[in-house]
Amino acid sequence: MAILELRNLIKAFGGLRAVDGLSLAIEEGQILGLIGPNGAGKSTAFNCIAGVYPPSSGEVYFCGEKTNNQKPWDLCRKGLARTFQIVKPFASKSLLYNVMVGSFSRTKKRSKAEEKALAVLKSLHLDVKKDMNSGNLTIADRKKLEIGRALATEPRLLLLDEVMAGLRPTEVDEMVAVIRNLRDSGITIFLIEHIMRAIMALSDRIVVIHYGKKICEGTPKEVADDERVIKAYLGEDYGVS
Amino acid sequence: MTRENLQKAFLTLVLIIVFGLPLILRSPTYLHILVLLYLYAYLTTSWNLVGGFAGVLPLGHAAFFGIGAYTSTVLYVQYGVSPWFGMVLGGVLASITGVMIGLPTFKMRGAYFALATIAFGEGMRVMVENIDHLGPFNINGPRGLQIPPLNVGLANLMFTNKEPYYYIILVMLIAVLAVTYFISRSRLGYYLNAGGEEPEAAMSLGVNVARCKLIAMAMSSFLTALAGSFYAQFSLFIHPKSVISLDLSFEIAFIALIGGRGSIVGPVLGALLLRPVSDFSRIYFGATLPGLHLIIFGMVLILVMIYLPRGLQQPLTKAYNGLLNRLDRRSR
């Protein structure tokens, strides 16, 4: 059974259809990549899935349940977690505090939440910085912290919105390894990414959207060879020879 | 001594001092000033649950204070109900009012929320000033209500000397500080802070931000109303200008901002600094420069906002921790 399924999802802001009839499905344990040019509607699709916006029409199914109008905090309890394209740490607080906000979603007890948060920080090699103010982190560490907070909620499906943007190549490699580990631990991953090297290496399948519509879907190889994809990225005049 | 023991020793010392103070300080004037100081520290700590932890700036808390004062006073004067009961009932009423105000206003951001709460507080004052009878209850409009000083004693929360008031408000202050301490370490405290700082991120991590704020508002307004009843029994005369005034709402916010919003000691430090300024400027300059304390508050606030955005608690906490560390190291 698909862990997440979108059926003809539409999200309109006034006259603009940011997501226009998108359908896709992710099987449990997969890594699905979502790519597309700037403004294609990738983040809007994520926001509809995560409950930030209600979809204008169409359906979102998470674990077989229709979740169109559910709120972000309810979806989180059901096992859906996400990161934000523009990182949003609780900047005046320590890393440990940040991650504990996430781990409190599974327990009321402070000691348990702290234990869980420390384990998550350790798995991301952030445990040495646990008492640092999260506002003082480098961008790579902030992105990792976003993932850490999301992981602390014990998700089944993790939506990653451009977690590699702005990272140095060595940091990208490290992040790729982190994401692989997550998948191996049983978490399904849906990621938006612009760094082709990373997304090609990670994804089992890739969906390409343009102006809110799906223009191609397939394995990384199929997508890379698709003429529509090349045109969407490089323009109509670009000849494939 | 370990760090923990040092902290315990320090806390014990403070408690001995505050509980022993009335034995040395016999002057009713000074006790009166201290009672008001604790009252403001209490009010600001209650306010801090919303204004500090939840990251919004409510400026209408005088309304809850007024609800507490009027509820216990009307019940006592007209029906002979013990003010202790009126206090709790006032708290419940204020709590319900707080939630009703919070429902529509917590969606607003920044200054708009502050403005909405000012409007609510002022609306309440004007209403009380213009109503003599609210159903069967006589609230006596702008003339206010007097509590006849008969039947003094603990049962009626009324005393002829200041000491009992001193100890009651002191216990209330310690209780509210303990509540704040436990909340700040609980899930609710984490959720309030997270929701105040980055609501979208908090929501995605399972935080129902609006509900957390409403819970905080309910607690904060309940606690504020208790202080209102206490104040009514302490001064034995209340009127709209004294218990529902905008000045009161502002002074609470001033104390919090200067002491340090969102911290536990901030409100106490703020009250400790500002209340004496206000009282002594009234004693010494009341005739020549009335309102001098407000000018001083304003200047202090500007300076604090520029140089210490997290309030006076920031350098003091740092110094205190440094001292603890040094003592800790020396003892090893």
Side-chain angles (χ1 to χ4, degrees), chain A residues 46-47 49-53 70-94 96-114 117 133-135 142 145-155 158-159 161, chain B residues 3 48 51-56 103 106-107 109 178-216 256-257 260-264 266 305 308-311 313-314 317-318 321 325:
Chain A
F46 264 28
N47 281 333
I49 297 166
V52 177
Y53 312 132
Q70 294 197 10
K71 298 294 180 192
W73 50 88
D74 292 328
L75 289 167
C76 169
R77 303 249 147 128
K78 287 181 180 153
L80 190 150
R82 69 167 304 181
T83 67
F84 290 87
Q85 184 178 2
I86 297 160
V87 290
K88 297 176 187 294
F90 308 123
S92 71
K93 301 289 183 222
S94 69
L96 182 61
Y97 197 106
N98 269 265
V99 180
M100 276 175 74
V101 173
S103 56
F104 264 124
S105 68
R106 297 288 167 207
T107 174
K108 252 192 131 158
K109 279 181 76 180
R110 181 188 164 79
S111 55
K112 274 195 179 157
E114 189 168 340
N133 217 325
S134 64
R142 282 185 203 208
L145 178 62
E146 286 262 322
I147 296 181
R149 278 194 318 202
L151 285 179
T153 68
E154 297 175 16
L158 183 57
L159 308 181
D161 196 346
Chain B
R3 215 188 134 88
N48 197 32
F53 290 161
V56 291
L103 276 173
F106 277 136
K107 293 193 182 96
R109 293 212 169 183
V179 167
T180 310
Y181 174 75
F182 284 114
I183 288 177
S184 76
R185 291 169 58 84
S186 75
R187 175 158 86 171
L188 180 63
Y190 277 69
Y191 277 14
L192 282 171
N193 265 314
E197 207 161 328
E198 284 289 352
E200 254 187 85
M203 283 184 221
S204 81
L205 296 172
V207 182
N208 186 341
V209 175
R211 198 175 64 183
C212 289
K213 283 185 179 170
L214 283 178
I215 293 171
L257 290 169
R261 273 168 96 180
S263 69
I264 295 167
M305 287 292 100
L308 298 168
R310 288 197 200 171
Q313 56 87 20
Q314 195 182 359
T317 313
K318 215 172 165 185
N321 280 330
N325 284 339

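Letters A, B, ... are given to chains in the order of the sequence lines, protein chains preceding strands, and every chain is numbered from 1. We use all heavy atoms of the structure for the numbers below, so side chains are in, but hydrogens, waters and symmetry mates are not.
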Side chain, backbone, both or neither: which part of B:S204 has a heavy atom under 4.5 Å from chain A?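 For B:S204, backbone and side chain are both near chain A.
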At a 4.5 Å cut-off on heavy atoms, which part of B:R185 comes close to chain A: side chain, backbone, both, or neither?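 Looking at B:R185, backbone and side chain both touch chain A.
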Show the nearest heavy-atom pair for residues [X] and [Y], with the distance to one decimal.
X: B:E197; Y: A:F90; value: OE2-C, 3.1 Å
X: B:G206; Y: A:C76; value: N-SG, 3.4 Å
X: A:N133; Y: B:R310; value: ND2-NH2, 4.2 Å
X: A:W73; Y: B:V207; value: CE3-O, 3.5 Å
X: B:N193; Y: A:Y97; value: ND2-OH, 2.8 Å

Side chain, backbone, both or neither of A:P89 within contact of chain B (heavy atoms, under 4.5 Å):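 For A:P89, backbone heavy atoms alone lie under 4.5 Å from chain B.
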So for A:R110, is it side chain, backbone, both, or neither that comes closer than 4.5 Å to the heavy atoms of chain B?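 A:R110 touches chain B through side-chain heavy atoms alone.
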Say you draw a straight line from NZ of A:K88 to CG of B:L205; how long is it, rounded to the nearest 0.5 Å?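 The NZ atom of A:K88 sits 12.0 Å away from the CG atom of B:L205.
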Give, for atom CZ of A:R149 and atom CD of B:E198, the distance between the pair rounded to the nearest 0.5 Å.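 A:R149 CZ to B:E198 CD: 7.5 Å, rounded to 0.5 Å.
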Should the ring pair B:Y191 and A:F104 be called parallel, tilted or perpendicular, given that the plane angle runs from 0 to 90° and is split at 30 and 60?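 Perpendicular: the ring planes of B:Y191 and A:F104 meet at over 60°.
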Would one find more than 12 heavy atoms of other residues, nucleotides or ligands at under 6.0 Å from atom NZ of A:K78?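 More than 12 heavy atoms, drawn from other residues, nucleotides or ligands, come within 6.0 Å of this atom.
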Flag the one option from A:G102, A:S92, A:A150 with the top tally of heavy-atom pairs under 4.5 Å to chain B.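 Between A:G102, A:S92, A:A150, the count favours A:S92.
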Largest heavy-atom contact set with chain B, pairs under 4.5 Å, which of A:A50, A:A113, A:G51, A:A91: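 The option with the most such pairs is A:A91.
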